[in-house]
Structure formats: structure tokens, C-alpha cells
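Only one structure is covered here, and it is reproduced in the block below.
All residue numbers refer to positions in the sequence shown, counting from 1. Keep in mind that the numbers below use all heavy atoms, side chains included, and drop hydrogens, waters and symmetry copies.
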Amino acid sequence: MSQNPYPPTQPEPPQHAGGGYQYTPYPPQQQYHSYPPQPPAPSYGLPVVPQLNPYAPQALAPFGVDPLTGLPYSDKSKVVAGLLQIFLGSFGVGRFYLGNPGMAIAQILVTWFTLGVGALWPLIDGIVLLAGQPRDRAGRPLRP
């Protein structure tokens with residue numbers, strides 16, 4: 001018999017009385033019952049809202065989401081606010097529409113006390129509303 005010059009890497013399994021080797025069976029495989037895996041339930045804080053399609057209307061953002069900031073759009077329109085401010089700005093209609101009654105009353109008073117010269121302020125404000133990134137009273141960006 002020739003001897004193996006290399007030492008054994010594993011101990012030899014015990015031999016049976018019948019001359020065969022006795023192997024231990026493999027441990028049972030773990031059974032997975034749920035597919036796909038369910039996300040963990042939220043513990044505290046805001047509820048988790050799954051966002052399947054970022055461009056589809058969502059429950060918390062019925063008018064869509066601003067692609068730059070990710071904030072939900074307001075229910076107010078930027079075009080409507082700007083045009084109301086340009087054409088009826090001396091009466092503060094555009095700012096009343098946006099929910100800013102303080103600024104609307106200030107524009108009315110400035111227009112009346114300056115005998116109409118102060119009507120430039122609502123006109124410029126309407127142009128800024130149309131060209132800029134205005135927000136409503138709650139801080140949400142206006143719809144385009």
C-alpha cells in the first residue's frame with residue numbers, strides 16, 4: 001500500500017460494521033413561504049407611501065409633483081395668478097387668489113394713496129408671478 005504524502009484535510013468519517021462509510025444527513029433546507037418579501041411595518045412617524053410611478057398622480061399630491069424640488073404642486077395655477085395680478089392687481093385680486101390678503105390690501109392702499117401711480121407694483125408683481133417660481137401660502141410651488 002502506498003502512503004499519501006499529504007496530510008488529510010478532513011477527518012475520515014467513521015466506518016460502518018459492513019465496511020461502508022456513515023455520513024450524516026444534510027440539515028433541512030429553510031422553507032420560504034412568502035414571495036415577494038414584505039416590507040417591515042412602519043413603527044412611528046409618517047406612514048410609508050409607496051411610489052410606483054413618480055409621474056402618476058398620488059394621494060398626497062393630486063396635482064403632481066415638482067420635478068426640481070419633489071414638492072407637491074399647489075391647487076392654484078401660476079398663469080391664473082399672474083393674469084389676475086396684471087389685469088386686476090390694483091384691487092389685489094391675484095394676491096387674494098394666492099391666499100396673501102396682507103399683500104393684497106397693501107397693494108390696494110398703495111394704489112389708492114398714490115392716485116394710481118402705485119399700480120405699477122401689482123403690474124410688476126404679476127410679471128414676476130408669471131416668470132418666477134412663486135409659491136402659495138402653504139409653501140407649495142404653483143402649478144404651471
Side-chain angles (χ1 to χ4, degrees), residues 2-16 20-144:
S2 69
Q3 289 196 352
N4 189 357
Y6 301 106
T9 57
Q10 296 180 1
E12 296 237 354
Q15 287 191 354
H16 240 244
Y21 292 108
Q22 179 184 6
Y23 291 102
T24 57
Y26 287 112
Q29 295 289 327
Q30 183 178 5
Q31 298 293 323
Y32 295 102
H33 296 287
S34 66
Y35 183 79
Q38 300 296 322
S43 56
Y44 294 104
L46 294 175
V48 176
V49 179
Q51 295 185 0
L52 302 176
N53 183 356
Y55 300 105
Q58 298 159 4
L60 298 176
F63 297 103
V65 178
D66 186 17
L68 296 176
T69 61
L71 296 173
Y73 278 128
S74 171
D75 57 341
K76 311 284 193 238
S77 173
K78 179 166 87 167
V79 174
V80 172
L83 291 177
L84 284 174
Q85 191 65 21
I86 288 173
F87 293 115
L88 299 172
S90 58
F91 301 111
V93 176
R95 285 298 173 170
F96 278 124
Y97 172 74
L98 290 179
N100 298 334
M103 186 177 287
I105 292 172
Q107 287 177 349
I108 293 170
L109 293 177
V110 166
T111 301
W112 287 359
F113 285 140
T114 60
L115 302 174
V117 177
L120 286 175
W121 178 23
L123 177 68
I124 294 170
D125 191 31
I127 294 170
V128 169
L129 284 175
L130 286 173
Q133 298 288 331
R135 297 180 179 265
D136 67 353
R137 186 176 182 117
R140 298 174 297 184
L142 297 181
R143 286 186 290 144

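- For the pair Val110 and Thr114, the tightest heavy-atom approach, listed with the atom from each and the gap, is O-OG1, 2.6 Å.
- Across all non-hydrogen atoms, the minimal contact from Arg140 to Pro72 is CB-O, 3.5 Å.
- By the 6.0 Å contact criterion, OH on Tyr97 is enclosed, its count of non-hydrogen atoms from other residues, nucleotides or ligands being greater than 12.
- Judged purely by atom type and a 3.5 angstrom limit, Arg143 uses its side chain to pair as donor or acceptor with the backbone of Asp75.
- The CD atom of Gln133 sits 6.5 Å away from the CG atom of Leu68 when rounded to the nearest 0.5 Å.
- Annotation for Ser90 and Thr111: closest pair CB-CG2, 3.7 Å, computed over non-hydrogen atoms.
- Pairs of residues two or more places apart, or lying in two chains, that qualify as salt bridge (Lys or Arg N to Asp or Glu O under 4.0 Å) and include a residue from residues 90-108 are Arg95-Asp125.
- The shortest distance between side-chain heavy atoms of Val65 and Leu71 does not fall below 4.5 Å.
- In this structure, Tyr73 and Phe63 approach most closely via the heavy-atom pair CD1-O, 3.5 Å.
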* Where do Ile105 and Phe96 land on the side-chain contact (heavy atoms from CB on, under 4.5 Å) test, with the steps shown first? -> CA-CA 9 Å; Ile105 292 172; Phe96 278 124; 4.1 Å; yes
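- Counting heavy atoms from C-beta on, the side chains of Phe91 and Pro122 never come closer than 4.5 Å.
- Between Lys78 and Gly132, the closest heavy-atom pair is NZ-O, 3.3 Å.
- The nearest pair of heavy atoms linking Asp136 to Ser74 is OD2-OG, 2.8 Å.
- The structure places CG of Leu98 at 6.0 Å from CG of Leu129, a figure rounded to the nearest 0.5 Å.
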